[in-house]
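All residue numbers in this chain count up from 1 along the given sequence. One-based numbering, in listed order, for ligands and for the atoms of each.
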Amino acid sequence: MSRLVVVSNRVADPRKGAAGGLAVALGDSLAATGGMWFGWSGTVVPGGATGEGEVHVHQAAGVKLVTVDLSEDDHAGYYLGYSNGVLWPVFHYRLDLARFDAGHIHTYRRVNQLFARKLLPHIKSDDTIWVHDYHLIPLAAELRAMGCKNRIGFFLHIPLPPRQVLAAIPQHEWLMRALFAYDLIGFQADADLENFSRYVQAEASAEALGGQRFRAFGRSVEAGAFPIGIDVDEFAALTHAKDADDMYERIKTEYSRRKLLLGVERLDYSKGLPQRLRAFKALLKKYPENLNSTVLIQIASPSREDMGTYNDLKQELESLCGAINGDFGELDWMPVRYIHRNVSRKRLPGLYRVARVALVTPLRDGMNLVAKEFIAAQDPADPGVLVLSRFAGAAERLKDALLVNPYDTDGTADTIQQALQMPLAERQMRHQRLLAQIRLQDVHWWRRSFLQALADAPVNA
Ligand code: ADQ
């Protein structure tokens, strides 16, 4: 088995317990192959213009961690400016929030070149390289320009928008050309793959070679949808461990007379938080039996606080929560509990378990793992109900959730009411099917099927 080299913007240290996400997903393969994880160290060197970036090498649980520092200017242009100021909004269909500053693309490219330069000396000729996410789209092209001939795969964790939205990025052609330097491109959902296929055929005159193979820009590439999952057993075990259990008992006692609705995410405009609060308000108005008997716990952890749009959203949310509590609350009942903090990964399953309904209603989401974690944490004998946005990648497979259009305030309120009223037998049946689905395509399936497809992809001459 060839050694696995993972490259992502941030590197998770497997020594730090309960790292979650990618660390869990890739940890096994990295450890089994004596692999390496490469990315930004998280350090921004103050006052720096465009630096070379110091490289740090650690060994952790059989995995080599190699990280690079970024200068202040590089961080501003590559991370805040281009990755999160252009690619994140546009890929989530939010052209209105994109800031196309000509300087940022140069920094984005320069940092990708820096990464390629720092990574290359650590690469052996038979390594398999797996690059993650929108920060690093041109990395393979930069590596190839430096002579790298390894198999390189790319996985996009966020959606790929339709051609006409993508084409609003002034450098869209350059970005898509860069994707053809990979041997395999993985998307979360069939919809993203479809958008890719349409774009490359219409804008780049790509030839469809059959299967999911395309030829353009003098290279051919394989593409596929690999919906990411969670480690269901690990999550179920976390649910019954002490921290989650304590959380469950505490919240259950505290809210013993009330039905709990739960929202958990990073505070991000893609997650549809204001729309959700408006739907909750409509629920209280339309179905007054929920007054005094239903509470929405909304956890929105701080995210990208150095960006203006995120501060605007924070204020909008605070004001919406305040207005709902002010208009509907009683001395002994506050309809919304809004918490702008992280909940530890060990306690989160307890919260999922105690909730009667989870509201996972992003306006657009690559996959959304909160939906899958909620399913894994439920008691099969008395499970909660998942209300899921049709615009989350997860909705393509989780058909037994109650699907909503988060832009439709009244429709969402009606569906939340349906979830609150759902009889036990129907809850059990839906949960059973959802659980089977998240087991079928869990995180190990995701990693195996991507790496197998990468190993099988024909190499370019
Ligand atoms: P995210 O946008 O971060 O990820 P998501 O998949 O929902 O979204 O969450 C990732 C992890 O963060 C989950 O394990 C969740 O438990 C945790 N998390 C979220 N909010 C939290 C909070 N307030 N407190 C504690 N933990 C919290 C991106 C894409 C997604 C895609 C993932 C993985 O945007 O669409 O599913 O990558 O590919």
- Please indicate whether Arg337 has more than 12 foreign heavy atoms, meaning atoms of other residues, nucleotides or ligands, lying under 6.0 Å from its CZ. no
- Query: Is the closest heavy-atom distance from Tyr352 to ligand 1 below 4.0 Å?
  - Reply: yes
- Task: Could you name the option among Leu156, Val443, Asp365 that has the heavy atom nearest to atom 35 (O) of ligand 1?
- Result: Asp365
- Item | Distance-only side-chain donor-acceptor flag, His122 / Lys64, under 3.5 Å | yes
- Item | Residue part near ligand 1, for Asn368, under 4.0 Å between non-hydrogen atoms | both
- Row check, Tyr248 ring normal vs Arg353 NZ/CZ: under 6.0 Å, within 45°: yes
- Task: Within a distance under 4.0 Å of any heavy atom of Ile299, pick out the atoms of ligand 1 and give their elements.
- Result: 23 (N)
- Task: If the plane angle is over 60° it's perpendicular, under 30° parallel, otherwise tilted; pick one for Phe155 and Trp130.
- Result: perpendicular
- Task: Measure up the Tyr78 and His135 rings against each other and bin them: parallel (under 30°), tilted (30 to 60°), perpendicular (over 60°).
- Result: tilted
- Message: Angle between ring planes, Phe38 versus Phe115, binned at 30° and 60°: parallel, tilted or perpendicular?
- Response: perpendicular
- Message: Within the 4.0 Å heavy-atom shell around Arg266, which atoms of ligand 1 are there?
- Response: 1 (P), 2 (O), 3 (O), 20 (N)
- Item | Geometric class of the Tyr199/His172 ring pair [parallel <30°, tilted 30-60°, perpendicular >60°] | perpendicular
- Task: Please indicate whether any nitrogen or oxygen in Gln188 is less than 3.5 Å from any nitrogen or oxygen in ligand 1.
- Result: yes
- Message: Which of the numbered atoms in ligand 1 are under 4.0 angstrom from any heavy atom belonging to Gly366?
- Response: 35 (O)
- Who pairs with Arg99 by side-chain hydrogen bond (donor to acceptor under 3.5 Å, both in side chains), at least two apart in sequence or on another chain? none
- Numbered in order shown, the ligand 1 atoms found under 4.0 Å of a heavy atom of Val264 are 20 (N), 21 (C), 22 (C), 23 (N)
- Task: Would you mind listing which atoms of ligand 1 come within a distance below 4.0 Å of any non-hydrogen atom of Trp88?
- Result: 34 (O)
- Message: Quick check on contacts: which atoms of ligand 1 are under 4.0 angstrom from a heavy atom of Glu373?
- Response: 13 (C), 14 (O), 15 (C), 16 (O)
- Message: I'd like to know if Asp246 and Lys242 make a salt bridge, using a cut-off of under 4.0 Å between side-chain N and carboxylate O.
- Response: yes
- Query: Do the numbers put Arg257 on top of the ring of Trp333, so that NZ or CZ is under 6.0 Å from the six-membered ring centre and no more than 45° off the axis?
  - Reply: no
- Which option, Met367, Arg341, Arg345, Lys271, owns the non-hydrogen atom nearest atom 8 (O) of ligand 1? Lys271
- Message: Are any of the N/O atoms on Val343, whether in the backbone or the side chain, positioned under 3.5 angstrom from an N/O atom of ligand 1?
- Response: yes
- Query: Considering only heavy atoms of Leu348, which atoms of ligand 1 have at least one such atom less than 4.0 Å away?
  - Reply: 16 (O), 26 (N)
- Look at atom 5 (P) of ligand 1 and find which of Asp133, Asp268, Leu369 reaches it with the closest heavy atom. Leu369
- Message: Only heavy atoms of Val370, strictly under 4.0 Å: list the atoms of ligand 1 that pass.
- Response: 7 (O), 15 (C)
